There are 2 protein chains.
Amino acid sequence: MRILYVEDEKFLAEAVIHLLKKERINVDHAADGEEGLKLALKPNYDVIVLDIMLPKMSGLDILKTVRHRGIKTPIIMLSALNEVEDKVRGLDFGADDYLAKPFKSIELIARIKALVRRPALSEAKVLNFEDLKLNLTNRTLNGVELTDKEARIFEMLIKTPGSAITKEQILAYVWGSEVEFEENYVEVYISYLRKKLKSLKSKVEIKTIRNLGYKLCSKN
Amino acid sequence: MRILYVEDEKFLAEAVIHLLKKERINVDHAADGEEGLKLALKPNYDVIVLDIMLPKMSGLDILKTVRHRGIKTPIIMLSALNEVEDKVRGLDFGADDYLAKPFKSIELIARIKALVRRPALSEAKVLNFEDLKLNLTNRTLNGVELTDKEARIFEMLIKTPGSAITKEQILAYVWGSEVEFEENYVEVYISYLRKKLKSLKSKVEIKTIRNLGYKLCSKN
DNA sequence: ACTAAGTTTTAAGGTTGATTTAATTTGTGT
DNA sequence: ACACAAATTAAATCAACCTTAAAACTTAGT
């Protein structure tokens with residue numbers, strides 16, 4: 001599990017990070033709002049923890065921007081002021097939980113885990129469309145193995161059957177928004193996926209919509 | 001046999017530990033709730049004994065957290081108050097037994113032994129997959145001896161034949177929360193397990209799924 | 001307490017295969 | 001037919017993973 005923790009109080013941050021690591025939670029830390037936002041837009045995190053009062057850009061602004069971009073990662077807000085105001089505003093803007101400072105680390109850990117609740121060891125995450133079955137637990141498409149990037153792109157496609165997704169959306173989700181945008185990345189991987197669909201003799205194909213993006217649909 | 005005993009009353013704790021040691025039971029002792037939880041999450045104990053009233057974190061909270069993590073170690077709750085309330089709540093949260101204070105040490109010892117004997121009686125701990133038979137009672141894989149860590153990792157793999165498990169999951173289950181995260185531990189042990197599978201000429205192999213984890217599957 | 005055997009941790013170097021890069025070819029709409 | 005978008009391919013790169021061996025622990029036996 002990997003989380004992003006945006007916190008400017010150096011001493012507190014260090015203590016919390018230490019405890020999170022002991023819990024096997026990987027932590028990226030940002031010490032101000034701008035860096036926090038930059039990292040928050042990467043598609044790497046299971047949970048984002050945002051202090052509200054931050055240099056350069058407030059936690060609430062990060063929250064707003066992230067949600068505005070359509071990123072659904074669970075977010076926990078922290079506030080030094082136990083003000084109902086902040087709490088209400090945070091939850092309004094799409095935060096998932098709220099914790100007043102000072103808090104016990106164990107409390108934060110519990111809330112992080114509550115938000116993630118990963119599926120039990122055995123249950124597989126499977127997505128279906130027509131004759132296709134994408135298994136994200138062992139990263140196979142009808143038995144054929146996919147690489148990390150292939151699987152994430154196909155996950156996007158299969159989650160929105162019918163409607164198209166743009167290359168920008170794919171880049172944002174799979175590569176994160178910090179990368180130099182190279183649309184060719186997407187083209188290369190779409191090509192790999194098509195090759196695999198062909199080898200599966202699937203009835204489904206990835207259709208190009210010029211100047212827009214791609215969508216999954218039945219042949220003919 | 002190794003147990004964890006979480007108890008803040010120093011004098012009582014010393015007396016009980018002394019008697020347990022006479023019984024050749026190895027005891028780790030924690031004097032407050034936080035330390036208790038930390039130790040309880042290690043996968044080292046045959047039984048955990050939790051006082052309910054503790055500094056920093058109550059025994060009930062430890063119990064809840066431990067069970068929430070899927071740890072099945074038998075747990076005995078101790079309460080200074082002979083309150084039905086506590087008893088009921090403890091058992092609800094997944095405790096295996098309950099003992100009211102004051103208790104006689106011999107009583108505690110009897111209950112610990114009762115709990116340890118239990119699984120041996122009911123379940124023959126054998127897990128199968130293809131041509132492999134993992135015996136957890138004597139820790140052998142088709143007759144070949146495994147070390148503790150090897151056996152625990154292989155147990156995870158064989159319990160989820162279809163799907164992959166991540167290094168994080170393995171670290172959490174086998175090493176518990178105490179270690180600074182070292183993925184190389186897992187890699188080393190996977191390597192040892194592969195060597196043993198090879199020497200068994202098994203049809204089964206451990207497959208790496210890059211950036212995800214490992215799974216067990218038939219060759220070819 | 002000392003020794004020996006077995007297990008786990010540490011660390012370094014080697015290998016592999018997914019990803020990136022880049023050049024070329026194919027396709028599409030006007 | 002033209003211009004531009006998208007597809008394809010193969011080679012280069014780089015991070016993830018593997019292996020090994022030695023050091024550091026543990027445990028049990030004398």
Side-chain angles (χ1 to χ4, degrees), chain A residues 2 26 42-44 138-141 144-155 157 164-171 173-176 178-199 205-215, chain B residues 1-2 21 24-26 28 42-46 138-141 144-154 157 164-171 173-176 178-199 205-215:
Chain A
R2 167 157 242 109
N26 298 312
K42 293 172 82 171
N44 291 335
N138 60 14
R139 239 172 41 194
T140 57
L141 179 63
V144 171
E145 294 174 6
L146 302 182
T147 72
D148 188 36
K149 300 261 185 319
E150 286 170 352
R152 298 184 69 171
I153 293 175
F154 207 81
E155 180 191 353
L157 289 168
I165 50 176
T166 67
K167 289 183 198 173
E168 285 76 20
Q169 287 173 321
I170 294 173
L171 281 168
Y173 181 66
V174 177
W175 278 266
E178 108 205 279
V179 194
E180 279 303 288
F181 279 169
E182 286 296 343
E183 305 212 327
N184 187 232
Y185 290 1
V186 179
E187 288 155 10
V188 168
Y189 275 93
I190 290 289
S191 161
Y192 292 162
L193 281 169
R194 281 179 173 144
K195 206 179 275 179
K196 290 193 176 176
L197 283 178
K198 204 171 190 177
S199 79
E205 66 182 341
I206 297 171
K207 186 145 202 161
T208 304
I209 298 156
R210 220 148 199 268
N211 285 314
L212 213 192
Y214 302 94
K215 72 174 182 180
Chain B
M1 190 197 317
R2 165 157 244 109
K21 285 199 168 155
R24 318 193 42 135
I25 297 171
N26 297 313
D28 284 5
K42 294 171 83 170
N44 292 336
Y45 302 106
D46 299 293
N138 61 10
R139 252 177 22 202
T140 58
L141 179 63
V144 171
E145 292 184 2
L146 300 183
T147 70
D148 182 42
K149 301 257 186 313
E150 287 170 350
R152 295 176 70 99
I153 293 175
F154 206 81
L157 288 167
I165 50 175
T166 67
K167 288 184 200 176
E168 282 178 24
Q169 288 173 320
I170 294 173
L171 281 167
Y173 181 67
V174 176
W175 277 265
E178 96 252 48
V179 201
E180 278 303 288
F181 136 111
E182 271 303 338
E183 304 212 326
N184 187 233
Y185 291 1
V186 178
E187 289 159 11
V188 168
Y189 274 93
I190 290 288
S191 163
Y192 293 162
L193 282 169
R194 281 180 173 146
K195 210 180 274 181
K196 291 195 176 175
L197 283 178
K198 204 171 189 178
S199 79
E205 67 182 339
I206 298 171
K207 180 140 208 162
T208 303
I209 298 159
R210 242 158 200 260
N211 251 314
L212 213 194
Y214 302 93
K215 74 173 181 182

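What you see is a predicted model, and the numbers here were worked out from it, not measured in a lab. Labels below follow one simple rule: chain letters A, B, ... track the order of the sequence lines, proteins then strands, and each chain is numbered from 1.
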Item checked: Interatomic distance, A:Asn211 CG vs C:dG27 C1' [rounded to whole Å] -> 13 Å

Check: Once you round it to whole Å, what is the distance between P of C:dG17 and CD1 of B:Ile209?
Finding: 14 Å

Next item on the list: Return yes if some donor-acceptor pair links the side-chain N/O of B:Lys196 with the main-chain N/O of B:Glu145 below 3.5 Å, else return no.
Entry: yes

Margin query: Keeping B:Asp46 on the side-chain end and B:Arg2 on the backbone end, is there a donor-acceptor pair under 3.5 Å?
Written below: yes

Next item on the list: Using atom OH of A:Tyr192 as one end and atom C1' of D:dT9 as the other, report the distance to the nearest whole Å.
Entry: 8 Å

Notebook entry, point to check: For C:dT10, does OP1 or OP2 lie under 4.0 Å from any side-chain N or O of B:Tyr185?
Noted result: yes

Notebook entry, point to check: Hey, is the side chain of B:Thr147 poking within less than 4.0 Å of OP1 or OP2 on C:dT8, counting only N and O atoms?
Noted result: yes

Notebook entry, point to check: How long is the line joining NZ of A:Lys207 and P of C:dG27, in whole Å?
Noted result: 15 Å

Notebook entry, point to check: Taking OP1 and OP2 of D:dT19, is either one under 4.0 Å from a side-chain nitrogen or oxygen of B:Ser191?
Noted result: yes

Check: Separation of B:Leu193 atom CG from C:dT8 atom P, in whole Å?
Finding: 11 Å

Item checked: Gap between atoms CD1 and P, on A:Ile190 and D:dA6 respectively (whole Å) -> 11 Å

Notebook entry, point to check: Picking from C:dA11, D:dT8, D:dC18, which would you name as closest to the side chain of B:Thr208?
Noted result: D:dC18

Margin query: So, under a plain 3.5 Å distance rule, would you say the side chain of A:Asn184 forms a donor-acceptor pair with the base of C:dA22?
Written below: yes

Next item on the list: With heavy atoms under 4.0 Å as the rule, sort B:Tyr214 into base, sugar-phosphate or nothing.
Entry: sugar-phosphate

Next item on the list: For C:dT19, take OP1 and OP2 only and decide whether either is under 4.0 Å from a side-chain N or O of A:Trp175.
Entry: no

Next item on the list: Quickly work out the B:Glu145 CD to C:dT8 P distance and round it to whole Å.
Entry: 12 Å

Margin query: Both A:Lys149 and B:Glu150 contact DNA chain C. Taking the nearest nucleotide for each, which residue is further toward the 5' end?
Written below: B:Glu150

Check: Looking only at side-chain N and O atoms, does B:Lys167 come under 4.0 Å of OP1 or OP2 in D:dA16?
Finding: no

Next item on the list: Any chance you could lay out the salt bridge (Lys or Arg N to Asp or Glu O under 4.0 Å) test for A:Glu150 and A:Arg139, step after step, and finish with the verdict?
Entry: CA-CA 9 Å; A:Glu150 286 170 352; A:Arg139 239 172 41 194; over 6 Å; no

Next item on the list: Map B:Glu187 and A:Leu212 onto DNA chain D by nearest heavy atom, then report which one ends up closer to the 5' terminus.
Entry: A:Leu212

Note to self: Nearest whole Å is fine: how far is D:dC25 C1' from B:Asp148 CG?
What the structure shows: 14 Å

Checklist line | Residue among B:Ile153, B:Leu157, B:Leu212, B:Val186 satisfying side-chain contact (heavy atoms from CB on, under 4.5 Å) with B:Ile165 | finding: B:Leu157

Check: Considering all heavy atoms of both residues, which atom of B:Lys207 and which atom of B:Arg194 are nearest to each other, and what is their separation?
Finding: C-NH2, 4.0 Å

Margin query: Less than 4.0 angstrom between a side-chain N/O of B:Arg210 and OP1 or OP2 of D:dA15, yes or no?
Written below: no

